[in-house]
Amino acid sequence: MGSDTIADIITSIRNADMYRKSVVRVASTNISQSIVKILLREGFIENVRKHRENHKYFLVLTLRHRRKRPYRNLLNLKRISRPGLRIYSNYQGIPRILGGMGVVILSTSRGIMTDREARLERIGGEILCYIW
């Protein structure tokens, strides 16, 4: 794992989805727990449980897979803001992914939230990733 924990989480989930793995293990941090909670609430993953191994905590994610079309991925995740180039937006400039079908995850002053929640609360923040 590198220094960018959000990119590590996204890459682990994307790789597991691409190779049709049903379970992914990611490091448990406050940011990863918030992102996984959003993924669970939005229906991109089925289940989450916390696992302890050698005095370290991990999140074990159960991915949701489609039965039809085995060549297509269910999850498309893209990291936007990264340590070398931070991307910020006010609530009016938050992009809509697939006309509102996708989800933008933002880090705001009130915590990590989706684009819909940020627009309702009228706050902007750092755009972490896109999910569609």
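Quick caveat: nothing in here was measured; it's all calculated off a predicted structure.
- Here the side chains of Ile80 and Leu128 are not in contact, with every heavy-atom distance at 4.5 Å or above.
- Contact check for Met113 versus Ile123: side-chain heavy atoms found under the 4.5 Å cut-off.
- The backbone N or O of Gly124 lies less than 3.5 Å from no partner atom in the side chain of Thr108, so there is not a single donor-acceptor pair.
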Worked check of side chain to side chain contact (heavy atoms under 4.5 Å, CB included) between Asp8 and Val26: CA-CA 8 Å; Asp8 291 339; Val26 296; over 6 Å; no

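- Remark: Arg41 CZ is packed, more than 12 non-hydrogen atoms of other residues, nucleotides or ligands lying under 6.0 Å away.
- Looking at Leu61 and Val36, their side chains come closer than 4.5 Å, going by heavy atoms from C-beta outward.
- In this structure, Ile13 and Leu77 have side chains that are in contact, with non-hydrogen atoms separated by less than 4.5 Å.
- Ser34 contributes atom OG, which lies 11.0 Å from atom CG of Leu39 (distance to the nearest 0.5 angstrom).
- Remark: the backbone N or O of Leu75 is paired with a side-chain donor or acceptor of Asp17 at under 3.5 angstrom.
- Side-chain atoms of Thr114 and Leu106, non-hydrogen and from C-beta on, never get closer than 4.5 Å to each other.
- If you chain together hydrophobic residues whose side chains sit under 4.5 Å apart, Val104 and Met101 fall into the same group.
- Using modelled atom types and a 3.5 Å distance limit, the side chains of Gln33 and Ser28 yield a donor-acceptor pair.
- By the 4.0 Å N-to-carboxylate-O rule, Arg110 lies too far from Glu117 to be salt-bridged with it.
- Checking Arg86, Arg82, Arg79 one by one against Asp4, the salt bridge (charged side-chain N to carboxylate O under 4.0 Å, His left out) holds for a single residue, Arg79.
- Once rounded to the nearest 0.5 Å, the distance linking CD1 of Ile10 with OH of Tyr130 reads 12.0 Å.
- Using a 4.5 Å heavy-atom threshold, the side chains of Ile31 and Ile35 count as touching.
- Separating the NZ atom in Lys21 from the CG atom in Asn15 is a distance of 11.0 Å, to the nearest 0.5 Å.
- Atom CD1 of Ile127 and atom OH of Tyr88 lie 11.0 Å apart (nearest 0.5 Å).
- Between Ala27 and Ser32, the shortest heavy-atom contact is O-OG, 3.0 Å.
- Phe58 has its side chain out of reach of Lys50: every pair of non-hydrogen atoms, C-beta onward, lies at least 4.5 Å apart.
- In this structure, OG1 on Thr11 lies 9.5 Å from CE on Met18, to the nearest 0.5 angstrom.
- Side-chain contact of Ser107 with Glu126: a donor-acceptor pair under 3.5 Å is absent, judged by distance alone.
- Using a 4.5 Å heavy-atom cutoff, the side chains of Val48 and Thr62 are not in contact.
- When all heavy atoms of Ala16 and Val24 are compared, the closest pair comes out as CB-CG2, 3.1 Å.
- The CD1 atom of Ile105 sits 9.5 Å away from the CG atom of Asp115 when rounded to the nearest 0.5 Å.
- Counting only distance, with no hydrogens or angles, the side chain of Arg119 and the backbone of Ile94 share a donor-acceptor pair below 3.5 Å.
- Taking the charged nitrogens against the carboxylate oxygens, Arg116 and Glu42 do have a contact shorter than 4.0 Å, which makes a salt bridge.
- Not counting sequence neighbours, the partners of Tyr91 by the side-chain hydrogen bond (donor to acceptor under 3.5 Å, both in side chains) test are Arg122.
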